[in-house]
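Working notes, beginning with the structure itself.
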Amino acid sequence: MRAVDIIIKKRDGLELTREEIEFFVRGMVSGEIPDYQVAAWAMAVMLRGMTERETTDLTLAMAHSGEVLDLSQVVPIAVDKHSTGGVGDKTTLVVEPTVAACGLPVGKMSGRGLGFSGGTIDKMESIRGFRAALSVEEFLHNLKTYGIVLSAQSANLAPADGILYALRDVTGTVPSIPLIASSIMSKKIAAGAQAIVLDVKVGRGAFMRTLEEARRLAEMMVAIGKLSGRRTIALLSDMNQPLGRAVGNALEVKEAIDTLHNQGPEDFVEHCLVVASYMLVLGGKAKDLESARLMAEAALQDGRAWDKFRTLVIAQGGDVSQVDDPERLPQAQFVETVTAPRRGYLSQIDAQQVGETSLLLGAGRTKKGDPIDHAVGVLVLHKVGDYVEEGQPLFVVHANRREHLAVARERLLAACQWSEVAVDPLPLFYGVIG
Ligand code: URA
């Protein structure tokens, strides 16, 4: 078998066999298939798609490209969650410690930034010393000891996804249902949790632009999860405007810390409570969503969720003094407020444009392995539906290069649309699959 023939077959829109998919994934991991062929193949998949059977085979091949953990060795049941990628989506940073604080162990493998969306691992690495590349032994040890662990792909867990993910990030091959489904579900299967809540984003700042596409992706992932014997559900959630206020790594960590201190933005808090509630029910900790929500609210309010977050940071080598005093997190040199050029109701704050502005400031990568600037990003001070007076603050730009300020201002203002008449706020969720 030759990699080039598999690329050509997919380029021509034909269905790959399981053997061909397994050969390709093996070659990707062993290094026999070089990055340029993997990237060409990813583009062929992106443009030609995959059948359900191919997607399932790809997921299983990627999950088995490293070890597949059996968490029942260390905890009776563990739960996991994963987002398909959004702008300002720092949900894991709040939900993981909240659920763990309710006594349900959370073992999660996360990704880095992807395209214009942020990545949990990049955010956590704003904290000096935080180590996400854990060995399997460390993953299991931390889950058992602390009930919480947050890992990046490592040489041991779903390494094929690590390779493909970094290439997709910089080759325009992110928004593909089979590539997203296999990326997420291979990590979930390898990390071993028995219950999985998927947060499938839909809208202008998501890889799935329409509810129909998001639903297809959700159904595909839920089916793969169930096939692998995991309790799996997917929430369809809005990503037309950024989630919460902060977009950019350290800024998002700070917002997560505020939320864990009960001072988070209303939409983000609500989003976290809903995701946490589903995790608690699916993991068998709560009998229904109402009691799950009360549990999650209590863990946030009495500081147990915050304590768990500190535990996570300390367990993975992070400098806890930076989360105790977020002013010690990376800070940008230039901070500028962008004000409203007119009065009216905000009818759009395009999440993709805000995400791309954050990338332009240096919060993401344009080439594989690029360093990122943890300090930079944007605060979004209003939501769709808000009435804003001319001259009122709309955004705050955090930059480390002065020349970025003007470009960011222009892009952010272009992200907004205005209405003379009142506009309804956007919903947070559109449905549940599973
Ligand atoms: N998150 C992932 O882990 N992979 C994707 O492809 C998209 C979001």
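Positions are given from 1 along the sequence. Indexing begins at 1, ligand by ligand and atom by atom, following the structure's order.
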Donor on one side chain, acceptor on other, Asn249 and Ser126, under 3.5 Å: no
Residues in ring-ring contact (aromatic ring centres under 6.0 Å, His included) contact with Tyr278, at least two apart in sequence or another chain: none
Which residue and heavy atom of the protein sit nearest atom 4 (N) of ligand 1, plus the separation: Ser183 OG, 2.6 Å
Whether Phe207 and Phe116 hold their rings parallel, tilted or perpendicular, with breakpoints at 30° and 60°: tilted
Per-atom contacts, ligand 1 versus Ser83 - under 4.0 Å to a heavy atom: 1 (N), 8 (C)
Any N/O pair Arg168/ligand 1 closer than 3.5 Å: yes
Under-4.0 Å heavy-atom contact with ligand 1, by part of Phe207 that carries it: neither
Arg365/Asp122 salt bridge by N-O under 4.0 Å criterion: yes
Part of Ser117 within contact of ligand 1 (heavy atoms, under 4.0 Å): neither
Protein heavy-atom partner closest to atom 8 (C) of ligand 1 - residue, atom, separation in Å: Thr84 O, 3.2 Å
Test log, rule salt bridge (Lys or Arg N to Asp or Glu O under 4.0 Å), inputs Asp324 and Arg310: CA-CA 8 Å; Asp324 286 342; Arg310 288 184 88 250; 2.9 Å; yes
His141 and Tyr146 aromatic ring geometry - parallel, tilted or perpendicular at 30°/60° bounds: perpendicular
For Tyr165, the ligand 1 atoms whose distance to one of its heavy atoms is below 4.0 Å: 2 (C), 3 (O), 4 (N)
Those atoms of ligand 1 less than 4.0 Å from some heavy atom in His82: 1 (N), 2 (C), 3 (O)
Ligand-residue contact atoms, ligand 1 with Leu114, heavy atoms, under 4.0 Å: 5 (C), 6 (O), 7 (C)
Closest approach of any protein heavy atom to atom 3 (O) of ligand 1, naming residue and atom: Lys187 NZ, 2.5 Å
Pair Phe429 and His271, ring centroids less than 6.0 Å apart: yes
